Asker: 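First the structure, which I've put down as structure tokens, then a few questions once you've had a look.
Note that the structure is a prediction, hence the values are computed from the model and not measured. Proteins come first, then strands; the chains are lettered A, B, ... in the order of their sequence lines, and each starts at number 1. All values below were derived from every heavy atom in this structure, side-chain atoms included, with hydrogens, water molecules and symmetry-related copies excluded.
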Number of protein chains: 2
Amino acid sequence: MSGMPLYLSLQNEILNAISRGAYAAGDLLPTEQEYCDRYGVSRATVRKALENLSADGRVVRKHGIGTYVQMTEVPGQSVKFRGHLEDVLLHDPENSFRRISRQACRFPDDIYKLFGEAVDRQGSVSLSLISRRSKPIMAGLIYLPAPQCEHDVEAAYATTEQPTVMILRSAGIKIARGHQRIRPILVEPEIAALLGVPAGTPLLRGRRVYFDIKGRAVAVVEATYHPTNYEMGIDLLPR
Amino acid sequence: MSGMPLYLSLQNEILNAISRGAYAAGDLLPTEQEYCDRYGVSRATVRKALENLSADGRVVRKHGIGTYVQMTEVPGQSVKFRGHLEDVLLHDPENSFRRISRQACRFPDDIYKLFGEAVDRQGSVSLSLISRRSKPIMAGLIYLPAPQCEHDVEAAYATTEQPTVMILRSAGIKIARGHQRIRPILVEPEIAALLGVPAGTPLLRGRRVYFDIKGRAVAVVEATYHPTNYEMGIDLLPR
DNA sequence: TAGTGGTCTAGACCACTGA
DNA sequence: CAGTGGTCTAGACCACTAA
């Protein structure tokens, strides 16, 4: 219908199907071939639609498996951007990751809410520091619920110094997607000391929530960024 | 060579060509057909490579013209994300834009540097407020160099209340790309009064630089966001 | 092993831009 | 108008995943 490209019509069809509840978060969408048959278009067209939805974070495509539906979000007034998990995982070999401390903890209300369905309010919180050429760039509090695999996570921690989400991966917890909300804070003394800035300095803090393929929150990180050793930049592109 | 997909090899070829100076910012790259002939691959493969570079903000593709090279950036340690110009232009009809004041100004050092080649250090600065359902969400200082088209910009301002970058567009200044750096600040009394928060509150400030197709900075905005009426969110996706 | 998504080709026609 | 990128097709083979 109309002058809209076929792949855009298909994208909208799929989004509508998701939003009217035909597929829930974590469900598998029909296969590419199925869409070809159902709408009478070529596979390249179906792929373009699904790749766009993937780029917009609405679905996750897994080679050999299929296309999963992601959680929908209903933001208020906000600017939302897209980024790559890897950019935040800091796999740059020049960055060093160090875990400062770890302890059991009963989650504060706001953190507990993020985990939603988590069976237990009890978990662990770790304090870590990421540096680059011995200059601190980020201090993070990492909240992990107490799951079956806690032992694997601890074992992975013991063998290597890697950012927490890498550790989660090596413990078999695959992260499909995340979301980070950025806000300004006046830094607390403990974090300030780690970053080497005066307590009370205004800093950027990102609250990251990582989700697995089923849309369950599996980790929450409160990342506090150094004011000058680190830059938060966003490229603005035409649509 | 190796098991790398053809389109990735081509992407790297193009990036290498750019970084060794074969094409400068603002130049046109070879056409799709030219790449097909030169590398002996199909047009779909060439297109995939160029579309990826476009999604990464390294080139801008213009229907009927060709593919332009964008400015390269050499960030220090940073997290870089991608977003859409339109998300920042706030074309949401529920948002209202109001220009509070405008005056001639001699640019401060840091702003002047951003304009780089601007012939004149003299320009204008406007103070504006964007609200949503009569709640303030952003106050912005907009710096514009004094160009030939200043008259057109002012004429556009007089006829409609639109965000500055929309105004620039309607004055014939096409914006190809932008960049925003986010940092925390303690808000000054004037901005605080506009947003309705106490002076000294820690807030997010984005310094946006808008570039035309030739890579020249044509506008700088210092955007200060309301702490609760606005959210800065980033989706984290697998690569 | 069967079925999925990932890559790739060789063609076609259309829509936009500038001269 | 000629030339560009935008959309689309109908095939092919490969790489990955789960059972």
Side-chain angles (χ1 to χ4, degrees), chain A residues 1-14 23 26-56 58-70 169 172-174 176-177 212-214 237-239, chain B residues 1-14 23 26-56 58-70 169 172 174 176 212-214 237-239:
Chain A
M1 56 195 76
S2 75
M4 184 181 284
L6 290 178
Y7 70 87
L8 272 185
S9 306
L10 182 51
Q11 270 178 247
N12 291 334
E13 287 279 346
I14 297 172
Y23 310 100
D27 282 359
L28 276 176
L29 284 177
T31 66
E32 295 180 356
Q33 189 54 52
E34 167 118 19
Y35 278 124
C36 294
D37 300 342
R38 193 184 298 181
Y39 295 97
V41 296
S42 74
R43 190 168 159 229
T45 301
V46 172
R47 280 185 62 76
K48 174 121 185 169
L50 290 173
E51 277 166 3
N52 283 350
L53 291 176
S54 173
D56 286 343
R58 307 301 300 263
V59 303
V60 173
R61 286 155 71 62
K62 291 289 176 185
H63 195 175
I65 304 181
T67 302
Y68 290 93
V69 178
Q70 283 288 28
R169 282 190 178 174
I173 303 174
K174 292 190 186 174
R177 183 180 148 270
D212 66 11
I213 196 89
K214 298 289 187 186
L237 307 170
R239 212 179 265 282
Chain B
M1 56 191 78
S2 75
M4 183 182 283
L6 290 178
Y7 70 86
L8 273 186
S9 306
L10 182 52
Q11 270 178 247
N12 291 333
E13 288 277 347
I14 297 171
Y23 309 101
D27 284 359
L28 277 176
L29 284 178
T31 65
E32 295 180 355
Q33 189 53 51
E34 167 118 19
Y35 277 123
C36 294
D37 301 340
R38 194 183 298 182
Y39 294 97
V41 297
S42 74
R43 191 168 156 227
T45 302
V46 172
R47 281 185 61 77
K48 175 121 184 170
L50 290 173
E51 278 166 2
N52 282 350
L53 291 176
S54 173
D56 286 343
R58 306 302 300 265
V59 303
V60 174
R61 285 154 71 63
K62 292 288 177 184
H63 194 175
I65 305 180
T67 303
Y68 290 93
V69 178
Q70 283 287 26
R169 283 192 177 174
K174 292 189 186 174
D212 66 11
I213 195 90
K214 298 288 188 187
L237 308 170
R239 211 180 266 283

Asker: Please state how far atom CZ in B/R61 lies from atom P in C/dT17, giving the value in whole angstrom units.
Answerer: 15 Å
Asker: What heavy-atom pair brings A/C36 and A/S42 nearest, and what distance separates the two atoms?
Answerer: SG-C, 3.9 Å
Asker: Between B/R47 (CZ) and C/dA10 (P), how many Å, whole number?
Answerer: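 Between P of C/dA10 and CZ of B/R47: 17 Å.
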Asker: For D/dA15, is there a stacking contact with A/H63, counting only centres under 5.5 Å and planes under 30°?
Answerer: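 Stacking is present between D/dA15 and A/H63, given that their ring centres fall under 5.5 Å apart and the planes under 30°.
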Asker: Rounded to whole angstroms, how far apart are NZ on A/K48 and C1' on C/dG5?
Answerer: 18 Å
Asker: In whole Å, what is the span from the CD atom of A/Q11 to the C1' atom of D/dT7?
Answerer: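 Whole-Å distance recorded here is 13 Å.
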Asker: Between A/Y23 and A/L29, what is the shortest heavy-atom contact and its length?
Answerer: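 It is CD1-CD2, 3.6 Å.
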Asker: Near DNA chain C, counting only heavy atoms under 4.0 Å, which residues of residues 27-43 of chain A show up?
Answerer: A/T31, A/E32, A/R43
Asker: Does the side chain of A/E13 reach to within under 4.5 Å of the side chain of A/Y35, using non-hydrogen atoms?
Answerer: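 With C-beta onward as the side chain, the pair stays apart.
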Asker: When you compare the side chain of A/Y68 with that of A/V59, does any pair of heavy atoms fall below 4.5 Å?
Answerer: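 No; the side chains remain at least 4.5 Å from each other.
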Asker: A/A44 side chain: which of D/dT9, C/dG5, C/dT7 is closest?
Answerer: D/dT9
Asker: Take atom CD of A/E51 and atom P of D/dC8, then tell me their distance rounded to the nearest Å.
Answerer: 14 Å
Asker: Give the minimum heavy-atom separation between B/E32 and B/L50, together with the two atoms involved.
Answerer: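 Heavy atoms of B/E32 and B/L50 come nearest at CG-CD1, 3.9 Å.
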Asker: C/dG6 C1' sits how many Å from A/L50 CG, rounded?
Answerer: 13 Å
Asker: Would you mind reporting whether B/K48 and A/E51 have side-chain heavy atoms less than 4.5 Å apart?
Answerer: yes
Asker: Pick base, sugar-phosphate or nothing for A/L6, based on heavy-atom distances below 4.0 Å to the nucleic acid.
Answerer: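 Sugar-phosphate only.
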Asker: Is the phosphate of C/dG5, meaning OP1 or OP2, less than 4.0 Å from a side-chain N or O of A/T67?
Answerer: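 Checking C/dG5 against A/T67, a side-chain N or O does come within under 4.0 Å of OP1 or OP2.
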Asker: Between atom CD1 in A/I65 and atom P in D/dA15, what is the gap in whole Å?
Answerer: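 It is 18 Å, rounded to the nearest whole Å.
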Asker: Quick check on D/dC8: is either OP1 or OP2 less than 4.0 Å from any side-chain nitrogen or oxygen of A/Y7?
Answerer: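 No, because none of the side-chain N or O atoms of A/Y7 sits under 4.0 Å from OP1 or OP2 of D/dC8.
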Asker: So, do B/M4 and B/N12 sit near enough that their side-chain heavy atoms are less than 4.5 Å apart?
Answerer: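 Contact flag for B/M4/B/N12 side chains = yes.
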Asker: Taking the minimum atom-to-atom distance to the side chain of B/T45, which one of C/dT17, C/dG6, C/dC8 wins?
Answerer: C/dC8
